[in-house]
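This structure is a prediction, so every number in the text was calculated from the model and none was measured. Protein chains get the first letters and strands the later ones, always in sequence-line order, with residue 1 at the start of each.
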Amino acid sequence: MRLVIAYIRPEKLPEVKQALFKRDVLKISVSNALGCGDEPTIYEQYRGRTSEVDLHKKVRIEAAVNESFVQNVVDGIVEGAQTGEVGDGKIFVIPLEDCYRIRTGEQGHDAIG
Amino acid sequence: MRLVIAYIRPEKLPEVKQALFKRDVLKISVSNALGCGDEPTIYEQYRGRTSEVDLHKKVRIEAAVNESFVQNVVDGIVEGAQTGEVGDGKIFVIPLEDCYRIRTGEQGHDAIG
Amino acid sequence: MRLVIAYIRPEKLPEVKQALFKRDVLKISVSNALGCGDEPTIYEQYRGRTSEVDLHKKVRIEAAVNESFVQNVVDGIVEGAQTGEVGDGKIFVIPLEDCYRIRTGEQGHDAIG
Amino acid sequence: MKRRPMTGDHDHGTLVIGGNSPIGGIEGKTLPASIAAVIGCVMVCLAAGQSAAQATTEAAATPSANAEPVLTQAFVVGNLWLLVGAMLVFVMHLGFACLEAGLTRARNTVNILFKNISIVAIGTLTYAGVGFSLMYGDDLAAGWFAWSGFGIDPGETGQSPAYNDNYPYFTDFIFQAMFAATAATIVSGAVAERIKLESFLIFSTVFVGLVYPVIGFWKWGEGWLDAAGFYDFAGSTLVHAVGGWGALAGALILGPRLGRFEAGHGRAYHGHSMPLAAIGVFLLWFGWFGFNGGSVLSADPASMSLVFVTTMLGACAGVVGAVSLSWFLFRKPDLSMALNGALAGLVSITAGADSITPGSSIIIGVIGGCVVVVGILSLDRLRIDDPVGAIPVHLICGIWGTAAVGIFSTNEDHTLLAQLLGIAAAAALAFPAALAIFFVLKLTIGLRVSPEAERIGLDIDEHGMEAYSGFQIFNTQ
Amino acid sequence: MKRRPMTGDHDHGTLVIGGNSPIGGIEGKTLPASIAAVIGCVMVCLAAGQSAAQATTEAAATPSANAEPVLTQAFVVGNLWLLVGAMLVFVMHLGFACLEAGLTRARNTVNILFKNISIVAIGTLTYAGVGFSLMYGDDLAAGWFAWSGFGIDPGETGQSPAYNDNYPYFTDFIFQAMFAATAATIVSGAVAERIKLESFLIFSTVFVGLVYPVIGFWKWGEGWLDAAGFYDFAGSTLVHAVGGWGALAGALILGPRLGRFEAGHGRAYHGHSMPLAAIGVFLLWFGWFGFNGGSVLSADPASMSLVFVTTMLGACAGVVGAVSLSWFLFRKPDLSMALNGALAGLVSITAGADSITPGSSIIIGVIGGCVVVVGILSLDRLRIDDPVGAIPVHLICGIWGTAAVGIFSTNEDHTLLAQLLGIAAAAALAFPAALAIFFVLKLTIGLRVSPEAERIGLDIDEHGMEAYSGFQIFNTQ
Amino acid sequence: MKRRPMTGDHDHGTLVIGGNSPIGGIEGKTLPASIAAVIGCVMVCLAAGQSAAQATTEAAATPSANAEPVLTQAFVVGNLWLLVGAMLVFVMHLGFACLEAGLTRARNTVNILFKNISIVAIGTLTYAGVGFSLMYGDDLAAGWFAWSGFGIDPGETGQSPAYNDNYPYFTDFIFQAMFAATAATIVSGAVAERIKLESFLIFSTVFVGLVYPVIGFWKWGEGWLDAAGFYDFAGSTLVHAVGGWGALAGALILGPRLGRFEAGHGRAYHGHSMPLAAIGVFLLWFGWFGFNGGSVLSADPASMSLVFVTTMLGACAGVVGAVSLSWFLFRKPDLSMALNGALAGLVSITAGADSITPGSSIIIGVIGGCVVVVGILSLDRLRIDDPVGAIPVHLICGIWGTAAVGIFSTNEDHTLLAQLLGIAAAAALAFPAALAIFFVLKLTIGLRVSPEAERIGLDIDEHGMEAYSGFQIFNTQ
Ligand SMILES: Nc1ncnc2c1ncn2[C@@H]1O[C@H](COP(=O)(O)OP(=O)(O)O)[C@@H](O)[C@H]1O
Ligand SMILES: Nc1ncnc2c1ncn2[C@@H]1O[C@H](COP(=O)(O)OP(=O)(O)O)[C@@H](O)[C@H]1O
Ligand SMILES: Nc1ncnc2c1ncn2[C@@H]1O[C@H](COP(=O)(O)OP(=O)(O)O)[C@@H](O)[C@H]1O
C-alpha cells in the first residue's frame with residue numbers, strides 16, 4: 001500500500017477531484033498549506049513597508065491506495081493540476097505499512113477503499 | 001518507529017485524546033482537514049444555486065511512536081472515534097526512519113516521546 | 001529520497017526558512033497545526049468557566065529531499081527553531097519512494113528539487 | 001408620567017372597520033394574511049393582489065392633507081426625536097444579531113443571523129397587525145385587556161397635535177413597534193444553537209403578537225398595573241424581563257446544548273468572534289440612548305438630558321461592576337463579562353432612568369454588573385444553558401432595575417411594593433405563556449434539532465450554507 | 001411635491017464666477033484639479049498650494065455673519081433633520097461596503113473596501129465640483145440640462161431662510177452629495193471581483209459627476225420629467241435604477257467571473273462572511289430612514305412619520321416576500337435571500353414612501369421581495385454574473401417601486417403613465433451612457449484584470465495586501 | 001466663539017458640598033471610590049451600599065421639577081442636537097475599537113476590545129468624578145486651573161435655559177464626557193500589542209481625569225489660552241494632539257513590538273482584519289459629524305451646515321491625498337493608507353471646521369492626507385512603533401489642523417501665532433505628563449508584558465481567551 005501526498009494549486013482542486021473520481025479514486029483527504037518553491041515572490045505592501053511573501057497558497061491532498069492504484073492517482077493528479085507554469089506542485093509517494101477503518105476495525109488492503 | 005496518521009470526526013477529538021492519554025500516548029499533533037469518502041453528499045444552497053459538497057470536515061492526527069506502541073495508538077483512536085456510522089475515518093501507519101527532538105538535538109527512539 | 005516532517009513554534013518559521021535557505025533547501029511546504037506535548041497546559045477562561053487547553057499552536061513543515069540532504073534539513077531546522085525551552089518540537093524522517101513534478105511529469109530524483 | 005398620554009379623543013376602533021379614513025390604514029384582513037404567508041409559506045401573491053385592489057380604491061386623499069392645524073414646537077421637535085429614537089432602537093436589532101452570533105460557535109452563525117432579521121420583519125408586521133391594538137387599544141376589561149381592531153389607522157386627527165402634544169400617531173406606532181420585536185430577540189440568544197428555526201419563528205410571532213402587548217397594556221396602555229402605581233420608565237420589566245422570562249422558558253424546555261454539561265464538570269463553548277460580540281454590545285449601547293431617551297416621549301431638555309446621563313453612567317458602572325467582580329473571582333479580566341456588564345447596567349437603569357439621580361444610576365449599574373456575573377455562574381451551576389447570557393442580563397437585571405426604582409427613585413409616588421407587584425405580574429403572565437407556547441410547539445412540530453444537526457451545525461443542516469465559506473475552522477467544540 | 005423648493009431668489013451662477021461671496025465657495029478650478037490628482041496620482045500639492053493663496057485672500061467675513069434674519073422653527077428643525085438624514089445616508093456607504101465584501105470571496109475584500117471608501121471621497125468631491133451644479137443649477141435647455149458654474153457657493157442669502165424655508169444651502173448640498181455617491185456604489189457590487197481598480201474609479205467619477213446629476217435634474221431639479229408629472233419621492237429610479245443600469249452595463253461588458261458559468265451548470269461562489277453581509281444590510285436599512293425620511297425635506301411630523309412607517313413596513317414585507325418565495329422554491333431558508341429581500345423592500349418603497357398607505361407599503365414590499373428572488377434566478381439563467389445581486393435589488397426593484405407609485409399612490413396626480421415615462425427616460429440615458437463609459441475604458445486602459453489576478457485575488461494582485469492576514473482560507477472556489 | 005458660553009450665574013462649587021440640591025448630584029466620595037474599585041478590584045459593594053444610603057436620603061424632589069420656565073426654540077432644539085451629537089461621539093469609541101483591532105494581529109484582539117470598552121467606562125466615570133469640574137469649574141488660578149468640587153451637580157437652575165441658552169447642564173456634561181474618553185482611546189492604538197492591561201487602565205484614568213481636563217480648561221473652559229486668542233473649534237489640539245502626545249510618550253517608553261525592527265530593515269506586522277478596520281474608519285467618520293457638528297453647541301443652521309460640509313469635504317480630501325501620495329510612492333493603492341487618510345482629513349479639519357470655507361477644507365484635508373503618509377513612513381524610519389498610526393493621524397494632523405486655522409480661517413481674530421502658542425502649550429503639558437505617568441508605572445507595576453506573552457499573544461496571556469475560537473490562524477508574524 002502507498003500513501004500519495006500531493007501539493008497542488010488551490011483553484012485546481014475541483015479538476016483534480018474529478019480526474020481522480022474518473023479513475024475510481026474516491027477517497028482522499030485535503031488540507032490547506034503554503035508552499036515555497038520556484039514561483040516568483042509576491043510583494044505585499046502594508047503601510048509603506050514591502051514584505052516578500054514566498055509562501056504561496058497550496059492545497060495538500062492525501063490518498064492512501066493499494067500499489068496497483070498508485071499510477072492512477074498520479075495520472076489523475078497530473079491531469080487535473082497541470083498548467084505548465086511554475087508552481088504546479090509535486091506528488092510524493094510513501095510506503096504505507098498498515099491501514100485501519102475506524103468504523104469497523106478492518107485492517108490492511110480491505111480497509112483502504 | 002512508526003508514524004501513525006488518522007482522520008477522525010472533528011467532534012471526536014476530545015474522546016480520542018482521552019483514549020490516547022489513557023494508553024500513555026501523550027504526544028500528538030493535530031490539524032484541520034477535509035475528507036472525501038463514502039459519506040452522503042451535503043447540498044449547499046446559495047442564492048438559488050445548489051452545490052454538492054463532498055468534502056466533509058475532519059481532523060487529522062499524527063503520532064510518532066515506537067513499534068511497540070502502534071497497537072496502543074490504533075486502539076485508542078478506534079475507541080475514541082468509533083460511532084459505527086459511515087465517515088468515522090481511517091488510520092494509516094507509516095515507517096518512520098528517524099526522529100529528532102529540536103530542543104536537545106536527541107535522535108532516534110529517545111527523541112520520540 | 002526522504003520526506004522530512006517537522007513541527008516547530010509558529011514564531012520560529014522565518015528563522016527556520018532562513019536557515020534552510022542558507023543550506024540550499026529552497027522547497028518546502030508549510031501548514032498550520034496544533035501540538036500536544038510536554039508544554040504546560042494553558043488555562044482558558046470563558047464566562048467563568050476554565051478550560052484546559054493542551055493543544056499548542058505549531059507550524060508543520062514538510063520537505064522532500066534526496067538522502068544526502070537530510071542532514072542539511074535537520075540541521076537547518078534545529079538551528080532555526082531551537083530555543084531550549086520545552087515545546088521546540090520534533091523532526092520526523094520518512095522514506096520517500098517516489099516523487100513527481102506535476103508541471104513536467106518528471107519523476108524521481110530530478111523532480112524533487 | 002404616562003407612557004402614552006393621548007390628548008386627542010381619538011376613536012381607534014371604528015375607523016379601521018370603516019376604512020374610509022383619509023390616511024389609508026391597513027385593512028383588518030390584509031396583514032395577518034401576510035404573516036400567515038410567512039409562516040406557512042403560502043399565498044403571498046394572492047393576499048397581495050386582493051388587498052391591492054382595496055388599497056387603490058381607498059387611495060383618495062393625500063396623506064398629509066389636513067394634518068396641519070398648527071405645528072407647535074413640542075409636536076415638531078418631539079416627533080423628530082421620537083423618530084430618531086425609533087431608528088436607534090432599530091439599530092439594537094443589529095446589536096443583538098452581532099452579539100448573539102459572536103458569542104456562539106461559527107457553525108450556527110447563519111442560523112442566528114437569519115433568526116434576527118426574520119424577527120424584525122415578522123415582529124413589526126405582527127405588531128402592526130394586532131400588537132399595537134392590544135397594547136394601546138381601548139380598554140375592554142378594566143385595565144386587563146385592550147383591543148381596537150386589526151391593523152393601524154391614524155383616523156382623522158391622528159397625524160395632528162390633536163392626537164398627542166408631542167408626536168403624531170404613526171410616530172407613536174413606529175416607536176412602539178421597534179420596541180416590540182426586541183422582546184423576541186432576547187429569547188433568541190438563550191435558545192441559540194439548538195432550536196428549530198420554524199418553531200422559533202412561530203414562538204416569536206405569538207410572543208410579540210400576543211404576550212408582550214398584553215403585559216405592555218397593563219402599564220403603558222394605562223391598564224391596572226399603571227393604576228396600581230407601578231413604574232417602568234422604558235421597560236426593564238415590560239420589555240427585558242418579559243423577554244427574559246421567554247428566554248428562561250426556552251432554555252428550560254430545550255435543555256442544554258449537546259455535551260455542554262457532560263463529562264463531569266462540563267465544557268465552555270467559546271464564542272467564535274469577540275469582535276462581533278463587541279460590535280454588538282457597542283451598538284446596543286448606542287441604540288439604548290434611543291430606547292431610554294426616546295421613552296421620554298418628548299424632547300423635553302431637562303428629562304432627556306437626565307436620561308442620557310443616567311443611561312450612560314449606568315452602563316459604565318455596569319462594566320466596572322462586572323469587570324471588578326469577575327477579575328476578582330477568576331483572576332483574569334474576562335471580555336465577555338465586560339460586555340455583559342455593559343448590558344446589565346443598561347437593563348438595570350432602564351426602569352428608572354428618568355427618576356433617579358446620576359449618583360444612584362452608578363450604584364444601580366455597579367450592582368447590575370455584579371448581578372450579571374453571579375447570574376451567569378449560577379445558571380451554569382443549575383445546568384441551564386444560556387449561550388449569550390440573555391437570562392442574567394435581561395431577566396435578572398430587568399428585575400433588579402425595576403426593584404431599584406422603588407429604592408432609588410426621587411419620585412415619592414414610586415414604591416418598592418408597587419414595583420414588586422409589577423415584577424410579579426409580568427412574571428405571572430410571561431413565563432407560563434412562554435412555557436405553554438414552547439410546550440405546544442414541542443408536542444407538534446418539535447422544538448429541537450436532531451443531535452446530528454447540532455453536531456454539524458444548524459447552518460449546514462437547516463440552511464445549507466456556511467457563514468465563513470473557505471475559512472478553516474476547527475469544529476471540535 | 002418638489003424635491004427642492006427654492007423659496008429665495010438665489011442666483012446660483014453668477015456668484016461663483018464672482019468669487020467675492022462672504023462664505024468662501026470653491027473656486028472653479030480647484031476641485032476638478034484635486035480629483036484629477038486622485039486618478040492620475042499627480043500634482044496634489046501643487047493644486048493645493050495654488051488655491052490656498054486664493055482662499056486666504058477671500059477669507060474676509062465670518063461664515064455665519066449675516067445669516068440670521070429670523071430663525072423660524074421650520075428652518076431650524078428642518079435643517080437639523082436633514083443633516084441627521086445626511087449622516088444616515090453616509091452610513092449607507094458603510095452598509096454597501098460590508099454587504100459587498102461579505103457576499104464575495106475573501107481574496108477580493110481589500111479591493112472592495114478600497115473601492116467603497118474611494119467612491120465616497122471621489123463622489124462627494126466630484127459632486128461638489130460639478131454634480132450639484134448640473135443637478136440643481138439654472139435650467140439652460142428647457143428642463144433638459146442645467147449648469148451654474150463649477151463648485152458650490154451659497155451666495156449672499158444661501159445660509160438663511162431666504163434660500164429655502166426648511167434648510168440652508170450647505171445642508172441642501174451635503175444631503176444631495178451623500179445621495180450622489182450611492183449611485184456609483186451600487187455599480188461596485190455588480191462588477192466586483194474582476195474589474196480593474198483604476199477603470200472603476202474613473203467610471204464612478206464620470207457616472208456620479210455627469211450621468212447621475214443630469215437625470216436627477218430632469219426630476220428633482222424641476223426639469224422636464226417633473227413637468228411631465230413623474231414622481232420619485234426619494235429615488236427608486238433616480239438613484240437606484242440609475243445605479244442599477246450602470247451595474248447591468250458593467251456586468252454585461254465585463255462578463256462573468258472566471259468559471260462562474262463553466263462546467264455545465266456553473267458554480268455558486270459563496271460569499272465569505274455572512275455576518276459582514278448582515279451588518280451591511282442592517283446598516284443600509286438604518287441609513288434608509290435618513291434616505292427616505294430626509295427626502296421629506298422638512299421635519300413635518302405627518303409626512304415624516306408616514307415615511308418612517310411605510311419604509312419600515314416595506315422592508316419587513318420585503319424580507320417576508322423573499323424568504324417565503326425562496327424557502328418555497330429551494331426548500332431551505334436562504335439567508336442571502338432574506339438580506340436581499342430587505343433591500344428589495346426598501347428600494348421598492350422609496351419612490352412612493354410619502355404617498356402610499358401603510359397597507360400598500362406591505363404589498364409593495366412583499367412583491368419587491370418576490371421580484372428580487374425571481375430576478376436573481378433569472379440573471380443566473382441569463383448567465384449575467386452579479387455577485388451581490390445589485391441588479392435585481394436596485395434596478396428591477398427600483399423599476400417596480402417607481403411603477404408602484406402609479407398604482408398605489410393616494411395622490412391623484414400620480415399616474416402609471418408618467419411613472420413609466422420616468423423609468424424609460426432614466427433608462428434611456430443611464431444605460432447607454434454607462435455602456436459607453438465602460439466601452440471606452442475597455443478600449444483604452446482595459447476593464448478587466450488578468451485571469452491570473454482573478455485567480456489569486458485582486459487583494460494580492462492590485463493591492464499587495466490580504467484582508468485577513470494569517471487566517472487559513474481555502475482558495476479553491 | 002466660546003466653547004461653553006454660560007449665560008446663567010450658575011454657582012457650581014458650593015452646591016455639591018451642600019448636597020441638598022433638587023437634582024441629586026453625585027457625592028464627592030462616591031465616584032472616585034467606584035473607580036478605585038475598578039482598578040484595585042475592591043470593595044464595590046461596600047462603596048455602593050454606603051452611598052446608597054446617602055442617595056436615598058437626598059432623593060426628595062423630582063428631577064424635572066422646576067426646570068421649565070419657558071422652553072425656547074434654541075434650548076429645545078439645541079439640546080436635542082447636542083444629545084444626538086453625544087451619541088455620535090459615543091459611536092466613535094466603537095470605531096476606535098474596530099480600527100485598532102483590525103490593524104493589529106489576531107492574537108491581541110480580545111485585549112484591544114477589552115481596553116476600549118473599559119476606557120469608555122472608566123473615562124466617563126472619572127470625568128464625572130473630577131474631569132468636568134477641572135475643565136469647566138471655577139477659575140482658581142488666573143485661567144490655569146479650575147475646580148468646583150467632586151462630582152456633577154446641575155444646581156437649582158442647571159436644567160433650565162438659565163444655565164445656557166442652548167442646552168441644560170446634563171447635556172453639557174454628557175457631551176463633554178464623551179469627548180474626554182476619546183483622548184485615552186487614541187493612546188490605546190499606539191501602545192497596542194505590548195502594554196500591560198492594568199498599567200494602561202491606570203494611565204487612562206489619570207490622563208483623562210487630570211491631564212486632558214486641565215488643558216481643556218485653558219481653552220474651552222475660558223482659561224488663559226482662550227484669552228490669548230487661541231482657537232480650536234472641536235479639538236484638533238485639545239483632544240487629538242493631547243491624545244497623540246500620550247500616544248507618542250507611550251510608544252517611546254514601551255519601545256517597538258518584538259521583532260518589529262529587527263533583522264535589518266524590520267518587518268511589517270499586518271493587521272488581521274481589513275473589514276474590521278474599514279468598519280472602524282467609517283464609524284469614526286460617522287461619529288465625527290457629531291464631534292464637529294455638536295461642537296457648534298447649538299442647532300444654528302448656518303454654522304451646523306457649514307461644519308458638516310467642511311467636515312465631509314475634509315475627510316474626502318484626506319482620502320484623496322493619502323491615496324494619491326501612497327499610490328505614487330508605493331505603486332500600489334494601499335487600503336490602510338486610504339483609511340488613515342480619511343481620519344487624517346477629519347482630524348485636520350476639526351480645529352477650524354466652523355471658520356473656513358469649503359474650498360479651504362479640501363486643501364486642509366488633502367495636505368492632512370499627505371502628511372499622514374509621510375508621518376507613517378517617518379515613524380517607521382525613526383523606529384517608533386505605532387501599530388495603528390495613532391501618532392501621525394492624531395498628533396501630526398492635529399497640529400497641522402490647528403495651525404491651518406491660522407492660515408485659512410475666515411475669522412480675522414484667528415492668528416497663526418496664537419495657534420502655535422496653543423499647540424506648544426498643549427504639548428508642554430500633555431507630553432511630559434504622559435511620559436511621567438508611563439515612567440512611574442514602568443518603575444512600579446511595570447509597563448510591558450513579557451516577551452513570552454507578546455509571542456503567544458495578550459489574549460491568551462492576559463485574558464485566557466481567544467478572539468476567534470476555532471479559526472485556524474497562522475501565528476508566525
Ligand atoms: N521538495 C519539496 N518538498 C516539499 N514541498 C515541495 C517540494 N517541492 C515542491 N513542493 C511544493 O510544491 C509547490 C510547487 O513547487 P514549485 O517548485 O514552485 O513548482 P514546480 O514544480 O512547477 O517547479 C511548492 O509551493 C511546494 O508547496
Ligand atoms: N484512502 C484514503 N485516503 C485518504 N483519506 C481517506 C481514505 N479513506 C478514507 N479517508 C478519510 O477518512 C474519512 C472517512 O472515510 P469514509 O470512507 O467516509 O468512512 P468509513 O471508513 O467509515 O467508510 C474520509 O473523509 C477521508 O478523510
Ligand atoms: N511523538 C510525537 N508525535 C507527533 N507529534 C509530536 C510528537 N512529539 C512531539 N510532537 C510535536 O512537537 C511539539 C513539541 O513537543 P514537546 O514534547 O512539547 O517538546 P519538546 O520536544 O521540547 O519536549 C508538540 O506540540 C507536537 O506538536
Side-chain angles (χ1 to χ4, degrees), chain C residues 3-17 20 26-64 77 80-81 83 85-92 94 102-103, chain D residues 102-105 189 256 259-261 263-272 274 277 322-323 325-341 344 370 372-393 471-474 476-477:
Chain C
L3 185 67
V4 182
I5 300 172
Y7 287 92
I8 61 165
R9 296 179 191 277
E11 66 266 21
K12 288 291 178 188
L13 180 61
E15 277 96 328
V16 169
K17 260 170 47 189
L20 288 174
L26 302 172
K27 302 201 161 182
I28 58 172
S29 294
V30 174
S31 61
N32 215 17
L34 297 176
C36 186
D38 280 343
E39 296 186 65
T41 303
I42 292 174
Y43 293 93
E44 285 199 13
Q45 279 279 336
Y46 186 70
R47 303 176 78 65
R49 244 174 204 286
T50 307
S51 342
E52 301 186 7
V53 177
D54 47 14
L55 290 171
H56 302 268
K57 289 185 175 15
K58 298 285 162 192
V59 158
R60 183 178 187 277
I61 297 178
E62 238 175 51
I77 293 174
T83 69
E85 302 287 311
V86 172
D88 276 356
K90 295 278 173 69
I91 305 174
F92 305 121
I94 288 175
I102 294 174
R103 171 162 52 93
Chain D
L103 290 184
T104 49
R105 290 167 293 176
R260 175 77 168 78
F261 294 115
H265 64 308
R267 312 181 203 164
Y269 288 149
H270 294 227
H272 82 278
M274 288 303 124
V323 165
L325 185 59
S326 63
W327 203 335
F328 173 76
L329 289 177
F330 317 141
R331 307 266 147 230
K332 293 261 181 188
D334 185 328
L335 175 61
S336 75
M337 288 296 181
L339 298 176
N340 276 158
C370 295
V372 92
V373 173
V374 175
I376 289 171
L377 295 177
S378 310
L379 283 182
D380 227 48
R381 197 141 303 174
L382 293 169
R383 307 202 156 210
I384 296 171
D385 187 17
D386 176 3
V388 307
I391 298 167
V393 167
F471 280 79
Q472 280 302 291
I473 305 172
F474 261 108
T476 54
Q477 273 206 330

Show me, pair by pair, the donor-acceptor contacts under 3.5 angstrom made by side chains of residues 35-42 of chain C, not counting sequence neighbours?
{"residue": "Asp38(C)", "atom": "OD2", "partner": "Lys27(B)", "partner atom": "NZ", "Å": "3.1"}
{"residue": "Glu39(C)", "atom": "OE2", "partner": "Lys58(C)", "partner atom": "NZ", "Å": "2.7"}

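Using a 4.5 Å cut-off between heavy atoms, Leu377(D) touches chain C through its side chain atoms alone. Residue contact with chain C, scored on non-hydrogen atoms closer than 4.5 Å, involves the backbone of Pro387(D) exclusively. Heavy-atom distances place no part of Leu335(D) under 4.5 Å from chain C, backbone and side chain included. In this structure, no portion of Ser326(D) lies under 4.5 Å from any heavy atom of chain C. For Tyr269(D), the part lying near chain C is the backbone, with the side chain staying farther off; criterion is any non-hydrogen pair under 4.5 Å.
Listed by chain and residue number, Arg60(A), Arg60(C) satisfy the salt bridge (Lys or Arg N to Asp or Glu O under 4.0 Å) test with Glu62(C) (two or more places apart in sequence, or in another chain).
In this structure, NE2 on His270(D) lies 9.5 Å from OG on Ser336(D), to the nearest 0.5 angstrom.
Checking side-chain atoms of Arg383(D) against main-chain N and O of Phe261(D) turns up a donor-acceptor pair under 3.5 Å.
Using a 4.5 Å heavy-atom cutoff, the side chains of Val393(D) and Val388(D) are not in contact.
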